Amino acid sequence: MLLAALATVWFASPLIAQQATPPAAPAAAAPAVPAVTQNSPAAPAFVSPAVEAAAKAPVATGEHDLSPWAMFMGADIIVKAVMVGLALASVLTWTVGIFKFMELTYSTNRLKSALRKIGEARSLAEAQIALGDKKTVLSRLLAAAMREGKMSAGISSDEGIKERAASSFGEIVRAEGRKVRTGMGALATIGAISPFVGLFGTVWGIMNSFIGISKSQTTNLAVVAPGIAEALLATAIGLVAAIPAVIIYNHFARVTKNYMEIVGRAQGASGRLLSRDLDRTHSSAHMRAAAE
């Protein structure tokens with residue numbers, strides 16, 4: 001009986017060994033999988049030094065914020081001062097332009113209307129009544145003529161009266177010319193010097209950029225470009241301030257000239273009314289003398 005059991009175990013042992021062997025097969029095949037080798041910690045040892053250096057080298061992505069505000073904030077303090085000054089000059093240009101447009105338009109329309117009202121007047125008194133209490137350069141001219149006529153009462157020299165009235169007219173016209181030209185000097189100055197001020201800011205900014213290039217020991221365009229762009233922004237703002245100033249100045253120079261021509265017409269109208277009053281006064285005097 002014991003011999004039969006030993007014989008059974010001896011014959012069954014190879015079968016048991018065959019059944020236990022297959023589960024170990026995947027463990028033997030595992031090293032052959034490439035994915036395990038690539039993801040292992042030893043993989044960087046197979047990367048070449050040139051590739052590794054290129055991977056570690058800084059790459060210029062060009063992601064600089066080159067918006068006007070960002071360039072202004074990144075500029076040098078001198079360049080910032082230039083930009084702020086030019087921006088204020090531009091604001092002053094448009095302020096003067098709007099003010100002069102309103103002033104000259106209003107004054108021209110009023111003076112033309114006043115000239116139409118006194119077109120049929122035969123004397124200084126009638127002209128003043130026609131104008132009413134409206135304060136225009138024509139009303140000042142008429143008042144000066146009336147004042148000179150009253151102060152010269154009893155003087156028979158008409159030429160002297162006209163000469164003195166013409167002197168008063170000239171003072172009024174010159175004062176009106178100075179008034180309407182207020183602000184024109186600022187426009188002329190801004191239009192003349194703004195490009196040069198902007199150029200100064202650009203030169204200063206580019207100089208600082210070159211100094212930065214020498215310190216950083218690089219000529220990479222991505223490193224140099226922001227500083228140069230900030231410097232060129234000063235020139236752009238200078239042109240933005242200068243071009244409108246020149247255009248507005250030239251426009252109002254023509255408008256002012258046209259307005260002063262109308263003022264000249266008002267001066268001539270006042271002189272003619274004064275001359276009529278003088279002739280009428282002398283005619284009445286002669287008539288009274290003849291009646292006596």
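Because the structure is predicted, anything quoted here is derived from the model rather than measured.
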Checklist entry - Is it the case that one hydrophobic cluster holds both Phe101 and Val255, taking links as side-chain heavy atoms less than 4.5 Å apart, direct or via other members? => result yes
Checklist entry - More than 12 foreign heavy atoms under 6.0 Å from CZ of Phe169: is that the case here? => result yes
Next on the checklist: Could you go through Ser139 and Gln128, starting from their C-alpha distance and side-chain angles, then the distance that decides it, and tell me whether this counts as side-chain contact (heavy atoms from CB on, under 4.5 Å)?
Outcome noted: CA-CA 7 Å; Ser139 63; Gln128 285 187 323; over 6 Å; no
Item to check | Euclidean distance, Ile262 CD1 relative to Leu138 CG, rounded to 0.5 Å | outcome: 12.0 Å
Checklist outcome for this item: Taking every heavy atom of Leu187 against every heavy atom of Ala245, the minimum-distance pair comes out as O-CB, 3.7 Å
Next on the checklist: What's the separation between atom NZ in Lys100 and atom OG in Ser107, rounded to the nearest 0.5 Å?
Outcome noted: 8.5 Å
Next on the checklist: Would a single hydrophobic cluster contain both Val91 and Ile247, if residues Ile, Leu, Val, Met, Phe, Trp and Tyr are joined by side-chain heavy-atom contacts under 4.5 Å?
Outcome noted: no
Item to check | Flag side-chain contact, heavy atom, 4.5 Å: Thr108 against Asn258 | outcome: no
Item to check | Heavy-atom donor-acceptor pair, Ser113 side chain to Asn109 backbone, under 3.5 Å | outcome: no
Next on the checklist: Looking at every heavy atom in both Ser123 and Arg280, which two are closest together, and how far apart are they?
Outcome noted: CB-NH1, 3.8 Å
Checklist entry - Closest heavy-atom contact between Leu115 and Ala266? => result CD2-CA, 3.8 Å
Next on the checklist: With a 4.5 Å cut-off on side-chain heavy-atom distances among I, L, V, M, F, W and Y, is there a chain of contacts connecting Val246 to Ile98?
Outcome noted: no
Item to check | Joint hydrophobic cluster, Ile129 plus Leu124, side-chain heavy atoms closer than 4.5 Å | outcome: no
Next on the checklist: Could you measure the distance from the OH atom of Tyr259 to the CD atom of Glu176? Nearest 0.5 Å is fine.
Outcome noted: 3.5 Å
Checklist entry - Taking the side chain as C-beta and beyond, is there a heavy-atom pair between Arg181 and Met260 under 4.5 Å? => result yes
Checklist entry - Any side-chain heavy atom of Ile78 within less than 4.5 Å of one from Phe200? => result yes
Item to check | Distance (rounded to the nearest 0.5 Å) between Arg116 CZ and Leu111 CG | outcome: 10.0 Å
Item to check | Heavy-atom donor-acceptor pair, Arg110 side chain to Lys135 backbone, under 3.5 Å | outcome: yes
Item to check | Closest non-hydrogen atom pair, Leu273 against Ala127 | outcome: CD1-CB, 3.6 Å
Checklist outcome for this item: Distance col, row Tyr249:OH vs Thr189:OG1, nearest 0.5 angstrom, shows 9.5 Å
Checklist entry - Is it true that atom CD of Glu163 has more than 12 heavy atoms of other residues, nucleotides or ligands lying nearer than 6.0 Å? => result no
Next on the checklist: Restricting to non-hydrogen atoms, name the atom on Val173 and the atom on Gln267 that form the minimum distance, rounded to 0.1 Å.
Outcome noted: CG2-OE1, 3.4 Å
Checklist entry - Rounded to the nearest 0.5 Å, what separation is found between the OG1 atom of Thr136 and the CG atom of Leu141? => result 8.0 Å
Item to check | Lys179 side chain near Glu103 side chain, heavy-atom distance below 4.5 Å | outcome: yes
Checklist entry - Around Glu261, counting heavy atoms of other residues, nucleotides and ligands shown, do more than 12 lie under 6.0 Å from its CD? => result yes
Next on the checklist: Please check: side-chain N/O of Asp277 versus main-chain N/O of Gly149, any donor-acceptor pairing under 3.5 Å?
Outcome noted: no
Next on the checklist: In the structure I gave you, are the side-chain heavy atoms of Ile248 and Trp94 within less than 4.5 Å of one another anywhere?
Outcome noted: yes
Next on the checklist: Whether Arg276 and Asp279 form a salt bridge (side-chain N of Lys/Arg under 4.0 Å from carboxylate O of Asp/Glu) is what I want to check.
Outcome noted: no
Checklist entry - For the hydrophobic clusters of this structure (ILVMFWY residues joined by side-chain heavy atoms under 4.5 Å, transitively), does one cluster hold both Ile77 and Trp204? => result yes
Checklist entry - What closest approach, in Å, do Ile118 and Ala269 show between heavy atoms, and which atom pair accounts for it? => result CD1-CB, 4.1 Å
